[in-house]
Amino acid sequence: MLDFLQQQVNISLDETMQQRLDFYCRFLLQENEKYNLTAITDVNEVWQKHFVDSILGSVAIPQNASVCDIGSGAGFPAIPLKIAREDITVTLVDSLNKRINFTQALCKELGIEASFFHERAEDFSRGHSEQFDVATARAVAPLNILLEYTAQIVKPGGVFVAYKTDLSEIDGAKHAAKLLGLQFETHHDFTLPDGSKRAILVYRKIKPTPRKFPRGQNQPRKCPL
């Protein structure tokens with residue numbers, strides 16, 4: 001899997017990075033018994049489907065970027081990205097306090113600096129307009145909903161990076177992207193060592209997002225753009 005990352009996204013994990021990911025895996029599986037953080041409990045699958053998958057997004061993240069991960073869950077993709085890319089800063093946002101508690105404890109153990117917010121995505125976004133170079137989201141919601149959750153926090157010229165399995169949602173998100181000031185820019189396709197397909201979708205923010213977005217009262221999910 002280390003060779004795979006080198007070949008696919010030109011990232012080499014040194015010994016310290018590997019040790020941090022090893023600890024992350026053990027800590028995740030240990031705490032998972034209490035908090036139900038992931039359905040993946042095989043060590044090799046954690047490495048492949050969580051760690052490697054998360055780090056693939058590095059291909060779309062510029063040097064020294066400020067990255068905000070919306071719906072960060074057990075820390076994916078933000079923490080593996082931070083371990084592999086020490087140049088970036090990361091902010092994790094999740095609506096469940098138990099997940100924020102887990103990622104805070106993990107980063108404390110690893111000596112990783114990060115910011116944490118226990119908030120719903122739409123509430124956080126309205127309060128942090130145009131503050132980040134990059135927003136990420138993985139396994140959170142359909143693409144058109146993700147665009148509404150994240151567009152507001154991205155600086156003009158910055159990018160939103162969506163982790164998906166394929167390109168099937170792009171057409172259905174065109175209307176949302178236009179309303180939110182985003183433009184689909186490119187995609188990066190990968191096949192994990194187990195044969196699973198992954199697609200990293202990149203949206204560029206080409207103009208400010210209207211301040212009425214994201215809508216409150218769970219409207220992005222109830223009535224998607």
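Quick caveat, the model's predicted, so the values are computed rather than measured. Every heavy atom of this structure was used, including side-chain atoms; hydrogens, water molecules and symmetry mates were not.
For the atom pair OG (S125) and CZ (F132), the distance works out to 9.0 Å, reported to the nearest 0.5 Å. Between atom CD1 of residue I100 and atom NE2 of residue H118 there is a gap of 7.5 Å, rounded to the nearest 0.5 Å. Atoms CG and CH2, from D22 and W47 in turn, are 5.0 Å apart once rounded to the nearest 0.5 Å. Here the NZ atom belonging to K222 is positioned 12.5 Å from the CD1 atom belonging to I145, to the nearest 0.5 angstrom. Between the CD atom in E15 and the CE atom in M17 there is a gap of 12.0 Å [rounded to 0.5 Å]. In this structure, CD on Q219 lies 12.5 Å from NZ on K212, to the nearest 0.5 angstrom.
Looking at I79 and L106, their side chains come closer than 4.5 Å, going by heavy atoms from C-beta outward. Q63 has its side chain within reach of R85: a pair of non-hydrogen atoms, C-beta onward, lies under 4.5 Å apart. In this structure the side chain of P62 reaches within 4.5 angstrom of the side chain of V134, judged on heavy atoms. Looking at I83 and L110, their side chains come closer than 4.5 Å, going by heavy atoms from C-beta outward. Between N218 and R120, some side-chain heavy-atom pair lies under the 4.5 Å cut-off. For the pair S72/F116, no side-chain contact is recorded, criterion being any heavy-atom separation below 4.5 Å from C-beta on. Contact check for I200 versus Y163: side-chain heavy atoms found under the 4.5 Å cut-off. Contact annotation: the side chain of R198 never approaches that of H188 to less than 4.5 Å [non-hydrogen atoms, C-beta and beyond].
A donor-acceptor distance shorter than 3.5 angstrom exists from the side chain of E169 to the backbone of L143, with no hydrogens or angles considered. Looking only at distances, a side-chain donor or acceptor of T209 sits under 3.5 Å from a matching main-chain atom of L180. Looking at Q152, its side chain does come within 3.5 Å of a backbone N or O of F213 through a donor-acceptor pair. No donor-acceptor distance shorter than 3.5 angstrom exists from the side chain of S129 to the backbone of R126, with no hydrogens or angles considered.
Counting only N and O atoms by type, the side chains of Q18 and D14 include no donor and acceptor under 3.5 Å apart.
Contact detail for D189 and A199: the closest heavy-atom pair is OD1-CB, 3.6 Å. Of all non-hydrogen atoms in K49 and I40, the two that sit nearest each other are CB-CD1, 3.8 Å. Taking both residues in full, the closest heavy atoms of L81 and G57 are given as CD2-C, 4.3 Å, listed atom of the first, atom of the second, then distance. Heavy atoms only, all atoms of each residue included: G75 and P80 are closest at O-CD, 3.3 Å. Of all the heavy atoms in T191 and F4, the pair that sits closest is O-CE1, 3.2 Å. Here the shortest heavy-atom pairing between E119 and V93 reads O-CG1, 3.7 Å.
Not counting sequence neighbours, the partners of V154 by the side-chain contact (heavy atoms from CB on, under 4.5 Å) test are A135, K205. Applying the ring pair (Phe, Tyr, Trp, His ring centres under 6.0 Å) criterion to Y203, with sequence neighbours excluded, gives F184. For F23, the ring pair (Phe, Tyr, Trp, His ring centres under 6.0 Å) criterion is met by F27, not counting sequence neighbours. Shown here are the salt bridge (charged side-chain N to carboxylate O under 4.0 Å, His left out) partners of E185, two or more places apart in sequence or in another chain: R204. Here P208 pairs with E130 under the side-chain contact (heavy atoms from CB on, under 4.5 Å) rule; sequence neighbours left out.
The side-chain hydrogen bond (donor to acceptor under 3.5 Å, both in side chains) analysis of residues 133-149, with sequence neighbours excluded, yields the pairs H50-R138, D53-R138, S66-D133, D69-T136, D133-K155, E148-R215, Y149-R221.
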Original post:
Run the side-chain contact (heavy atoms from CB on, under 4.5 Å) check on I70 and I153 step by step: do they pass?
Top reply: CA-CA 10 Å; I70 295 292; I153 66 173; 4.1 Å; yes

**OP:** Test side-chain contact (heavy atoms from CB on, under 4.5 Å) on V46 and L29 and set out the steps.
**Re:** CA-CA 9 Å; V46 169; L29 297 181; 4.1 Å; yes

**OP:** Check step by step if side-chain contact (heavy atoms from CB on, under 4.5 Å) holds for I112 and R20.
**Re:** CA-CA 10 Å; I112 288 176; R20 281 179 158 178; 4.0 Å; yes

Subject >> Test side-chain contact (heavy atoms from CB on, under 4.5 Å) applied to V90 and I88, step by step >> reply: CA-CA 7 Å; V90 295; I88 65 174; 3.8 Å; yes

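By the 30° and 60° cut-offs, the orientation of the rings of Y24 relative to F102 is tilted.
The hydrophobic clustering, which links ILVMFWY residues whose side-chain heavy atoms are closer than 4.5 Å, places L96 and Y35 apart. Hydrophobic clustering of Ile, Leu, Val, Met, Phe, Trp and Tyr side chains at less than 4.5 Å, counting indirect connections, keeps L179 apart from I206.
Heavy-atom neighbours of Q30 CD from other residues, nucleotides or ligands within 6.0 Å: above the threshold of 12. More than 12 heavy-atom neighbours from other residues, nucleotides or ligands sit within 6.0 angstrom of NZ on K98.
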